[in-house]
Amino acid sequence: PTFSNGIVTFDGSDDFLALASGNITLTNDEAFLIGFRVHPTASNKIILGKFAGANANTEMVKLLDNDTIRIKPGGDNADYDLSSGNTQDDAYWVISREAGAADLTTVFKDGSQVDSTKAAPGDFEISQIGRRTITSGSATQNEFEGEMYEIMIFNETNADLIANVTARL
């Protein structure tokens with residue numbers, strides 16, 4: 001990717017950022033909040049991906065198509081359908097999961113809740129930004145194409161943090 005004026009631009013071909021220290025792991029029993037602002041120029045693209053270990057080669061956050069964002073902790077899909085707008089909009093997103101047995105996860109786009117709150121159980125492991133690595137099979141890497149302005153990851157969530165992240169993005 002290229003970096004200019006605080007923006008990372010991905011061309012959709014072999015562009016990604018790998019975490020030098022391995023994975024960021026948010027376990028099944030802990031709350032988390034992920035905030036990001038992106039402007040994708042194509043759909044079906046990975047925002048946060050996983051490279052190795054349990055549930056390797058999967059997307060953790062993917063802009064699935066023009067009206068769906070997919071959250072995939074623990075290898076299970078939780079798809080959120082937009083009621084308005086498009087996943088290719090220049091937008092900020094907040095994903096918030098509560099701690100506890102229900103693993104209730106809520107997605108916000110530009111400050112408004114997307115779809116209903118859903119269960120999204122499992123560990124959330126992130127090792128790459130902008131793609132997932134596929135080592136075998138017919139799946140593709142779904143490399144991100146477009147601009148990423150900011151990504152924030154917290155191991156907690158609450159209404160004040162959601163409001164602060166939303167204001168920041």
Side-chain angles (χ1 to χ4, degrees), residues 1 3 5-10 12 15-17 19 23-26 30-50 55 58-99 103-132 141-169:
F3 181 77
N5 297 320
I7 301 169
V8 180
T9 302
F10 297 78
D15 280 356
F16 68 99
L17 300 171
L19 303 180
N23 292 335
I24 295 173
T25 301
L26 304 165
E30 70 181 317
F32 68 77
L33 184 136
I34 298 171
F36 58 93
R37 181 169 172 232
V38 296
H39 185 196
T41 55
S43 63
N44 200 29
K45 300 300 179 181
I46 303 292
I47 303 296
L48 300 171
K50 175 89 166 65
N55 303 310
T58 63
E59 63 265 19
M60 294 293 116
V61 177
K62 179 181 185 180
L63 301 175
L64 187 61
D65 54 35
N66 288 336
D67 61 1
T68 308
I69 182 172
R70 172 172 286 166
I71 313 302
K72 193 173 183 176
D76 295 325
N77 297 336
D79 293 344
Y80 295 80
D81 296 322
L82 301 180
S83 58
S84 65
N86 189 301
T87 58
Q88 292 184 50
D89 295 339
D90 183 349
Y92 62 88
W93 299 83
V94 174
I95 301 165
S96 173
R97 184 170 78 181
E98 299 173 15
D103 297 312
L104 295 178
T105 304
T106 307
V107 176
F108 301 88
K109 177 182 179 235
D110 291 335
S112 296
Q113 184 171 334
V114 172
D115 209 338
S116 58
T117 298
K118 300 180 181 190
D123 291 350
F124 205 88
E125 299 176 273
I126 302 163
S127 61
Q128 297 183 84
I129 298 171
R131 81 165 185 182
R132 61 180 174 183
Q141 293 178 316
N142 300 110
E143 294 169 328
F144 184 79
E145 181 179 327
E147 299 172 331
M148 289 190 186
Y149 305 99
E150 188 164 14
I151 296 176
M152 296 178 278
I153 301 171
F154 300 89
N155 63 348
E156 64 176 300
T157 190
N158 60 54
D160 289 340
L161 183 57
I162 291 170
N164 287 337
V165 169
T166 297
R168 162 85 180 161
L169 293 172

Handout entry: Cationic N near anionic O, under 4.0 Å, Arg131 to Asp15
Key = no
Mind listing the closest non-hydrogen atom pair of [X] and [Y] along with its distance?
| X | Y | value |
| --- | --- | --- |
| Ser96 | Thr157 | OG-OG1, 2.6 Å |
| Asn155 | Glu30 | CB-OE1, 3.8 Å |
| Phe10 | Phe144 | CB-O, 3.2 Å |
| Leu26 | Arg97 | O-NH2, 3.9 Å |
| Leu104 | Ala119 | CD2-N, 4.3 Å |
| Gly111 | Thr166 | CA-CG2, 4.1 Å |

Hey, could you give me the [atom1]/[atom2] distance between [X] and [Y], rounded to the nearest 0.5 Å?
| X | Y | atom1 | atom2 | value |
| --- | --- | --- | --- | --- |
| Lys62 | Asn142 | NZ | CG | 4.0 Å |
| Glu98 | Glu156 | CD | CD | 13.5 Å |
| Met148 | Arg37 | CE | CZ | 13.0 Å |
| Met152 | Phe36 | CE | CZ | 11.0 Å |
| Ser127 | Leu17 | OG | CG | 11.5 Å |
| Lys45 | Glu143 | NZ | CD | 7.5 Å |

Problem - Candidate pair Ile34 and Ile126, rule side-chain contact (heavy atoms from CB on, under 4.5 Å), full reasoning - result: CA-CA 11 Å; Ile34 298 171; Ile126 302 163; 4.2 Å; yes
Handout entry: Test side-chain contact (heavy atoms from CB on, under 4.5 Å) applied to Tyr80 and Thr105, Thr68, Leu64, the passing residue
Key = Thr105
Problem - Qualifying residue, where the test is side-chain contact (heavy atoms from CB on, under 4.5 Å) with Lys109 and the options are Thr87, Asp115, Leu82, Val94 - result: Leu82
Do [X] and [Y] come close enough that some side-chain heavy atom pair is under 4.5 Å?
| X | Y | value |
| --- | --- | --- |
| Ile24 | Leu48 | no |
| Phe16 | Ile46 | no |
| Ile47 | Trp93 | no |

Is there a donor-acceptor pair closer than 3.5 Å between any side-chain N or O of [X] and the backbone N or O of [Y]?
| X | Y | answer |
| --- | --- | --- |
| Asn66 | Asn86 | no |
| Tyr92 | Asp110 | yes |
| Asp123 | Glu125 | no |

Exercise for the section: For the residue pair Thr106 and Thr117, confirm or rule out a side-chain donor-acceptor distance under 3.5 Å. Expected result: yes
Problem - side-chain contact (heavy atoms from CB on, under 4.5 Å) evaluation trace for Val165 with Phe154 - result: CA-CA 10 Å; Val165 169; Phe154 300 89; 3.6 Å; yes
Fill in the blank from the handout: Given the options Asp81, Asp79, Asp65, Arg70 meets salt bridge (Lys or Arg N to Asp or Glu O under 4.0 Å) only with Asp79
